[in-house]
Structure formats: structure tokens, C-alpha cells
Amino acid sequence: LRRTIMWTDQRSTAECAELEAEHGERIYATAYQHPTPTWTLPQLRWLSKHEPEVLRRTRHILFVKDYVRYLVTGVAVTDHIEAQGTLFYDMKKRAWSEELAALAGISCEVLPELVNPVDRVGEVPPEAAERTGIPAGTPVICGSSDSAAEDYGAGAVDPGDAIVKLATAGNVNVMTAEAHPHPQTLTYSHIVPGMWYTVSATNAAAVCQRWFRDLFCEAEKIQAEKLGIKSGSGIPQIQAVGTLSEAQLREIAEIKFPDLNANTIEAAMEIIAGTARSMGVRIEGREMKKKYVPSRKVAAMLQGKTIEE
């Protein structure tokens with residue numbers, strides 16, 4: 001019906017002010033967040049005012065990952081965590097809120113069925129297998145939002161664990177045993193059932209880091225270029241051989257973590273090695289650790305501490 005409205009789009013600023021003034025307390029009590037242009041509710045409220053014909057013609061609303069999966073499986077669902085980013089999800093009832101959806105000018109009938117992130121929601125059919133190369137019959141799991149998957153993937157699975165992400169957006173996520181809604185933070189449930197995480201975030205992170213790098217880090221940029229590190233990547237672009245030596249790994253770690261000592265540099269090198277491997281780079285002379293190292297243990301290693309098993 002129209003191009004998607006991205007989470008960075010600020011067009012619904014006026015709608016957010018209106019929602020906050022007229023329904024702010026009810027929205028916060030139900031959805032645990034205050035209206036900002038990031039959320040789906042004010043975006044759809046903008047559409048109801050400026051492009052009402054789009055909403056009148058709408059039969060289904062899907063989020064990006066769910067739409068991609070729908071194109072493969074024909075199954076239209078979303079997970080509870082993704083739904084929490086709409087502002088018309090009832091956190092306590094774990095269900096869509098008809099009251100809040102009405103503020104967006106829609107009915108819950110156009111919203112997808114809610115499932116858990118790890119639920120199997122279908123499989124790859126033969127026609128999709130032919131188009132994509134994915135074997136027919138491959139199970140398809142619902143999945144979840146980027147930040148929820150990042151928390152879980154980074155090993156932040158216990159209360160008190162935390163991650164810091166510097167990407168297009170930047171956020172500090174702290175894992176908790178229960179929800180702690182606050183007007184100045186964001187609140188989401190975790191991939192691990194029963195857990196939650198609290199988020200402090202900004203829509204502009206990488207661009208600010210680049211500004212700082214370009215203004216204050218000229219010497220570090222020159223040193224990185226001598227090591228073959230592409231500006232902005234943090235990992236040498238060794239396209240021909242796809243390998244990093246142990247010496248190169250140490251040099252990168254010393255640039256990234258200049259304050260580390262001999263006892264803590266190993267933890268930093270393992271972090272760099274993990275990032276390199278995820279990009280298909282082989283590390284010479286360093287076997288991948290067989291045992292998973294929890295994020296809290298890596299953090300302790302970087303501080304020169306030891307956590308007993």
C-alpha cells in the first residue's frame with residue numbers, strides 16, 4: 001500500500017505530543033513506554049490523519065522480519081517482544097490492546113497472531129526452496145527483535161548481565177528478573193521466559209562515534225591503516241587469504257583496548273577473534289574455545305578478576 005515508515009522517521013512528533021497530553025498515563029500503564037516517533041502507534045496515527053485511505057485499505061500489519069518470513073512460509077505471526085515495540089501491546093495481559101490500537105486508528109483484527117520467539121511457525125515449502133536455495137522442509141522459527149536477539153546471543157541471560165551496543169542506534173541493556181518500567185528507559189521481555197531487560201538508548205550512536213574518531217583520533221587512524229584495518233570496520237579486510245595472525249590479533253586488541261595489561265589482553269584478543277570469525281576470518285594459531293564463556297565472565301576478565309565456575 002505504501003513504503004514502510006522506518007523507526008528513525010520523526011514525522012509523528014506532533015502525534016506523540018498529542019498522545020502524551022491526552023492518553024500518556026494510560027499508554028504508559030499499559031505498554032510500559034511513553035509515546036515517541038519510534039513506536040508504531042504514533043506512526044499509524046500519522047497515517048490516519050494524512051493518508052487515511054492507506055489504513056482503510058489495510059488488511060494485515062506485519063513487521064519487517066515477519067513480512068520476510070510470511071513471503072517464505074505464508075504464515076503471518078509475530079512474537080511478543082516485537083509486539084512490545086508497537087505501543088499497542090498490553091504488557092500485563094501479554095496481548096494486543098484494543099484500546100491502544102484504536103488510538104492508532106486500527107482494529108486488532110489487522111494485527112498478527114502472537115507467539116513466542118522460539119516457536120516453530122512453519123517450514124520452507126518447495127517453491128520457496130527453489131527460489132532461495134534453502135532445503136524444503138527446513139523448520140522456520142519466529143525469531144524476535146534485534147536487541148532481544150543481541151542480548152541472548154551475547155550471553156546476557158542472567159539478571160545483572162548487561163550489553164552495550166554502538167550501531168546506527170546505541171543502547172545499554174541491563175537484564176532483570178522482573179519488569180522495571182521507568183519514564184526515562186524502555187522495557188522489554190527477554191528471550192529467556194520470565195526475564196526482562198531495561199534499555200537506555202539513543203537513535204544516533206555510530207555517527208557520533210565517527211565524529212569523535214575523525215576529530216580526536218587521527219593518530220589511531222594512521223596506526224590502524226598501517227595494520228591494514230579498514231576505517232570503521234575494526235577488523236582487517238584480508239580478502240585474499242581471509243586470515244589473521246596471532247600478532248595482528250594482539251595489535252588490534254592493543255588499539256581497541258589501550259589500557260589493558262598483560263593479564264587482561266587475552267580476554268580482549270578473544271573478543272576480537274570472535275568478531276573476526278563471525279566475518280569468516282580464520283585466526284592462525286588460535287583454536288576456537290570449545291567452552292562458552294558467559295558475558296559476565298569476559299567482563300570480569302577485562303577487569304583482571306576471576307569468576308569461579
Side-chain angles (χ1 to χ4, degrees), residues 1-24 26-28 30-91 93-117 119 121-128 130-132 140-148 168-169 186 188 203:
L1 297 177
R2 73 176 318 281
R3 291 180 179 274
T4 188
I5 299 177
M6 300 294 289
W7 60 270
T8 50
D9 195 307
Q10 299 294 299
R11 75 182 67 196
S12 60
T13 300
E15 284 70 27
C16 290
E18 181 182 75
L19 287 166
E20 184 62 49
E22 299 178 5
H23 310 282
R26 182 57 180 163
I27 292 173
Y28 180 72
T30 304
Y32 290 178
Q33 333 284 3
H34 280 286
T36 71
T38 300
W39 310 115
T40 312
L41 192 163
Q43 294 171 356
L44 294 183
R45 192 174 176 91
W46 184 92
L47 283 177
S48 71
K49 293 181 178 181
H50 300 278
E51 300 178 19
E53 183 59 25
V54 171
L55 285 190
R56 280 196 292 269
R57 296 172 60 195
T58 298
R59 295 294 175 268
H60 302 282
I61 294 176
L62 287 173
F63 311 103
V64 175
K65 78 174 195 316
D66 303 314
Y67 180 62
V68 172
R69 189 182 58 249
Y70 168 77
L71 293 178
V72 175
T73 66
V75 178
V77 298
T78 195
D79 65 289
H80 289 271
I81 303 175
E82 189 84 74
Q84 291 163 9
T86 64
L87 217 61
F88 36 80
Y89 177 89
D90 191 315
M91 291 288 206
K93 295 181 179 179
R94 299 187 79 244
W96 296 118
S97 167
E98 285 283 4
E99 180 183 3
L100 298 189
L103 296 178
I106 62 170
S107 164
C108 288
E109 293 180 359
V110 302
L111 298 174
E113 176 189 352
L114 294 166
V115 299
N116 293 315
D119 285 352
V121 295
E123 60 182 35
V124 176
E127 56 272 24
E130 185 175 348
R131 294 198 307 269
T132 65
V140 177
I141 308 302
C142 179
S144 192
S145 68
D146 54 355
S147 63
T168 303
L186 311 177
Y188 292 100
N203 280 5

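We're numbering straight along the sequence, starting at 1.
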Pick out which of Thr78, Ile81, Asp79 makes a side-chain contact (heavy atoms from CB on, under 4.5 Å) with Cys142.
-> Asp79
For Ser144 and Pro117 the tightest heavy-atom approach is CB-CB, 3.9 Å
Between OG1 of Thr168 and CE of Met6, what distance do you get to the nearest 0.5 Å?
-> 9.0 Å
Side-chain (Arg69) to main-chain (Val77) donor-acceptor, under 3.5 angstrom = yes
Can you check side-chain contact (heavy atoms from CB on, under 4.5 Å) on Glu53 and Arg2, steps first, answer last?
-> CA-CA 11 Å; Glu53 183 59 25; Arg2 73 176 318 281; over 6 Å; no
Would you find more than 12 non-hydrogen atoms of other residues, nucleotides or ligands less than 6.0 Å from Glu109 atom CD?
-> no
Under 3.5 Å donor-acceptor, Trp39 side chain and His34 backbone = yes
Leu62 and Ala76: which non-hydrogen atoms are nearest, and at how many Å?
-> CD2-CB, 4.0 Å
Count the heavy atoms of every other residue, nucleotide or ligand shown that sit under 6.0 Å from CD of Glu130, and state whether that count exceeds 12.
-> no
Is there a side-chain contact between Pro42 and Leu87 (heavy atoms, below 4.5 Å)?
-> yes
Give the minimum heavy-atom separation between Ala101 and Cys108, together with the two atoms involved.
-> CB-SG, 4.0 Å
Parallel, tilted or perpendicular, as decided by the 30° and 60° cut-offs, for the rings of Trp96 and Phe88 | tilted
Can you find a pair of side-chain heavy atoms, one from Leu41 and one from Leu19, that are under 4.5 Å apart?
-> yes
About how many Å separate CG of Leu55 and CZ of Arg57, when rounded to the nearest 0.5 Å?
-> 11.5 Å
Nearest 0.5 Å, what's the CD-OG distance between Glu18 and Ser12?
-> 11.0 Å
OH/Tyr67 to CZ/Phe63 distance, rounded to the nearest 0.5 angstrom?
-> 14.5 Å
Would a distance-only check, ignoring hydrogens and angles, find a side-chain to backbone donor-acceptor pair under 3.5 Å from Gln84 to Ala31?
-> no
Go through the steps for Met91 and Gln33 under the test side-chain contact (heavy atoms from CB on, under 4.5 Å), then give the verdict.
-> CA-CA 10 Å; Met91 291 288 206; Gln33 333 284 3; 3.8 Å; yes
Kindly say whether His80 contributes a backbone atom to a donor-acceptor pair with the side chain of Glu82 at under 3.5 angstrom?
-> no
Is there a donor-acceptor pair under 3.5 Å between the side chain of Ser97 and the backbone N or O of Leu100?
-> yes
Separation between CD of Gln10 and OG1 of Thr36, rounded to the nearest 0.5 Å | 8.0 Å
Distance-minimising heavy-atom pair for Ala104 and Ser48 | O-CB, 4.2 Å
Please examine the side chains of Asp66 and Pro112, heavy atoms only from C-beta on, and report whether any two atoms are closer than 4.5 Å.
-> no
Enter the distance from Glu98:CD to Leu103:CG here, rounded to the nearest 0.5 Å.
-> 11.5 Å
Candidates Val110, Ile61, Thr58 - the one meeting side-chain contact (heavy atoms from CB on, under 4.5 Å) with Leu44 | Ile61
Return yes when atom NE2 of His50 has more than 12 non-hydrogen atoms of other residues, nucleotides or ligands closer than 6.0 Å, and no otherwise.
-> yes
